Amino acid sequence: MPLHSSDALILRSYKLGEADRIVVFLTDDRGKRRGVAKGARRLKSRFSGGPEPLTRARVAYFERERLDLVRLRYIEPVCSPLARSNGEALAYVGYFAELIDEWAPEADPADALFRLGASVVESIVAGVPIGRLARYFEYWLLRLQGVYPATTTCSQCGFEITGEAQMAPAAGTFTCVGCKSPEQGVSLSSASLAFLQMAKTVAPAQLGSVELPEVADRQLAVAHRLLIKTHLDKELKSVRVVRELTGGI
Ligand SMILES: [Zn+2]
């Protein structure tokens with residue numbers, strides 16, 4: 001049984017039997033894995049503190065032939081979003097972890113997704129405003145999956161988009177004001193478009209200095225939620241938690 005060690009993001013964990021847990025984690029080199037953490041539910045476990053969602057950790061595990069489950073040897077937390085973050089930010093932790101979990105391919109390298117997740121964890125800990133971070137994360141996640149419509153040209157007339165636009169998540173279109181349809185889609189103001197433009201070039205740690213007025217934040221939150229729902233064909237469980245705790249999304 002070969003032993004692998006990787007940088008990883010913990011996505012979630014659940015009970016297994018009396019004393020163990022299954023931990024789902026995204027590695028930087030081998031995609032998403034599920035591993036058994038033996039004895040993780042005992043008081044004096046070597047896994048204590050490791051399995052919190054979105055913890056960045058060093059993990060070591062044994063690969064087992066013909067079995068989907070790996071066996072975890074250790075989880076050493078490196079950076080936890082529980083450190084120095086407020087209640088509102090913590091409400092989003094499960095949401096980010098669930099989004100990564102839904103989109104990360106099983107046992108197939110997803111290093112860009114890992115890097116996005118890791119930089120978001122660091123930004124939560126650094127106190128970057130959580131609304132801007134959430135819109136940024138959604139944008140990049142959807143872009144990495146190839147489901148974010150092009151935002152610079154109108155998908156109907158092909159002209160460059162200036163000022164305002166409309167996104168129709170179900171149809172996957174992004175249109176100029178002249179082509180927008182009154183029935184479908186979410187209107188995006190010039191402030192929303194300006195944020196998307198900035199999101200293309202800045203690192204999440206720099207979001208504190210990128211403007212996102214509340215109305216634009218709402219517009220993008222609605223557009224992204226509908227895009228996610230369209231592509232996953234379901235509503236995420238954590239959306240309700242975020243809504244109840246923060247009023248967001
Ligand atoms: Zn147009």
Side-chain angles (χ1 to χ4, degrees), residues 1-110 113-114 116-125 130 134 137 141 232 234-246:
M1 288 199 301
L3 177 71
H4 295 287
S5 58
S6 304
D7 278 329
L9 282 172
I10 307 301
L11 301 179
R12 65 192 164 96
S13 71
Y14 48 94
K15 293 174 188 173
L16 176 70
E18 287 296 305
D20 308 336
R21 291 192 87 83
I22 303 265
V23 182
V24 183
F25 55 101
L26 178 68
T27 65
D28 65 340
D29 57 349
R30 291 164 165 258
K32 186 169 77 173
R33 297 282 155 139
R34 280 160 216 282
V36 180
K38 280 263 175 209
R41 293 170 60 209
R42 294 207 177 97
L43 215 51
K44 284 185 181 173
S45 163
R46 61 204 156 100
F47 294 108
S48 61
E52 293 299 330
L54 228 58
T55 298
R56 188 174 173 177
R58 194 79 197 146
V59 301
Y61 58 93
F62 292 104
E63 202 81 72
R64 297 191 292 188
E65 253 181 82
R66 296 191 302 276
L67 280 178
D68 292 343
L69 279 177
V70 300
R71 182 169 172 173
L72 280 154
R73 173 122 185 255
Y74 62 78
I75 300 173
E76 282 172 4
V78 175
C79 179
S80 164
L82 302 183
R84 294 187 49 209
S85 53
N86 59 31
E88 196 191 12
L90 290 181
Y92 279 91
V93 164
Y95 173 65
F96 293 150
E98 190 179 1
L99 276 174
I100 296 173
D101 191 15
E102 286 291 344
W103 256 299
E106 204 90 38
D108 192 18
L113 188 55
F114 174 82
L116 173 65
S119 64
V120 163
V121 177
E122 280 162 26
S123 300
I124 292 173
V125 175
I130 197 69
F137 176 79
L141 178 87
L232 291 179
K234 66 175 180 183
E235 192 93 70
L236 295 175
K237 281 180 250 154
S238 53
V239 165
R240 191 171 48 83
V241 178
V242 173
R243 206 175 279 151
E244 279 171 8
L245 291 173
T246 72

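Residue numbers run from 1 in the order of the sequence given. Nothing here was measured: the structure is a model prediction, and the numbers come from that model. The figures here come from the full heavy-atom set of this structure, side chains too, leaving out hydrogens, waters and symmetry mates.
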J.: When rounded to the nearest 0.5 angstrom, what distance separates OG1 in Thr55 from CD1 in Ile10?
T.: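 It is 6.5 Å, given to the nearest 0.5 Å.
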J.: Show, in sequence, the C-alpha distance, side-chain angles and deciding distance for Arg33 and Glu106, and conclude whether the side-chain contact (heavy atoms from CB on, under 4.5 Å) test is met.
T.: CA-CA 6 Å; Arg33 297 282 155 139; Glu106 204 90 38; over 6 Å; no
J.: So which heavy atom on Asp101 is nearest to which on Leu11, and how close?
T.: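 For Asp101 and Leu11, the tightest heavy-atom pair comes out as CA-CD1, 3.8 Å.
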J.: Please report the closest heavy-atom contact between Leu54 and Val121, naming both atoms and the distance.
T.: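 Between these two residues, the closest heavy atoms are O-CG2, 3.4 Å.
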J.: Going from OH on Tyr92 to CD1 on Ile124, what distance comes out if it is rounded to the nearest 0.5 angstrom?
T.: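 If we round to the nearest 0.5 Å, Tyr92:OH and Ile124:CD1 are 11.0 Å apart.
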J.: With a 6.0 Å cut-off (strictly less than), is the heavy-atom count around CZ of Arg41, excluding the residue itself, greater than 12?
T.: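 More than 12 heavy atoms, drawn from other residues, nucleotides or ligands, come within 6.0 Å of this atom.
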J.: Please determine which of Leu3, Ile75, Val70 meets the side-chain contact (heavy atoms from CB on, under 4.5 Å) test together with Tyr61.
T.: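 Looking at Leu3, Ile75, Val70, the match for Tyr61 under the side-chain contact (heavy atoms from CB on, under 4.5 Å) is Val70.
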J.: Side chains of Leu72 and Phe62, heavy atoms from C-beta outward: is any pair under 4.5 Å?
T.: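 They are not in side-chain contact.
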J.: Taking atom CD1 of Ile100 and atom NZ of Lys32, what is their separation to the nearest 0.5 Å?
T.: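 Rounded to the nearest 0.5 Å, the CD1-NZ separation comes out at 10.5 Å.
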J.: Applying side-chain contact (heavy atoms from CB on, under 4.5 Å), run through Tyr95 and Leu236 and close with a yes or a no.
T.: CA-CA 8 Å; Tyr95 173 65; Leu236 295 175; 3.9 Å; yes
J.: For a 4.5 angstrom cut-off between non-hydrogen side-chain atoms, does Leu9 reach Phe25?
T.: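 The answer is no; the side chains never approach within 4.5 Å.
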J.: Identify the heavy atoms of Asp29 and Pro109 that sit nearest to each other, and give their distance.
T.: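 Result for this residue pair: O-CG, 3.6 Å.
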J.: For Val93 and Pro81, which heavy atoms make the closest approach, and how far apart are they?
T.: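 That would be CG2-CB, 3.8 Å.
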J.: Would a 4.5 Å heavy-atom cut-off, applied to side chains only, mark Phe114 and Thr27 as touching?
T.: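 The answer is no, as the side chains (C-beta and beyond) never meet within the 4.5 Å cut-off.
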J.: Can you find a heavy atom in the side chain of Arg21 that is under 4.5 Å from one in the side chain of Leu16?
T.: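 Side chain of Arg21 against side chain of Leu16, heavy atoms only: no contact under 4.5 Å found.
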J.: Please say which of Arg73, Arg71, Arg30, Arg34 ends up in a salt bridge (charged side-chain N to carboxylate O under 4.0 Å, His left out) with Glu63.
T.: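 Of the listed residues Arg73, Arg71, Arg30, Arg34, the salt bridge (charged side-chain N to carboxylate O under 4.0 Å, His left out) partner of Glu63 is Arg30.
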J.: Evaluate Leu99 against Phe137 for side-chain contact (heavy atoms from CB on, under 4.5 Å), listing each step before the verdict.
T.: CA-CA 10 Å; Leu99 276 174; Phe137 176 79; 3.6 Å; yes
J.: Answer yes when Glu102 and Lys234 have at least one side-chain N-carboxylate O distance shorter than 4.0 Å, and no when they do not.
T.: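 Yes.
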J.: For Ser6 and Ala8, indicate whether the former's side chain and the latter's backbone hold a donor-acceptor pair under 3.5 Å.
T.: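 Pair absent, no side-chain N/O of Ser6 close to backbone of Ala8.
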J.: Work out which heavy atom in Leu69 is nearest to a heavy atom in Gly35; give both atom names and the distance.
T.: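 Heavy atoms of Leu69 and Gly35 come nearest at CD2-N, 4.3 Å.
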J.: Write down the atom of Ser80, the atom of Val125, and the distance for their closest heavy-atom approach.
T.: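 Distance-wise, the nearest heavy atoms are O-CG2, 3.4 Å.
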J.: Pair Glu98, Arg12 - check salt bridge (charged side-chain N to carboxylate O under 4.0 Å, His left out), show working.
T.: CA-CA 8 Å; Glu98 190 179 1; Arg12 65 192 164 96; over 6 Å; no
J.: Looking at Arg58, I'd like to know if its CZ atom is crowded, meaning that more than 12 non-hydrogen atoms belonging to other residues, nucleotides or ligands lie closer than 6.0 Å.
T.: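 Enclosed.
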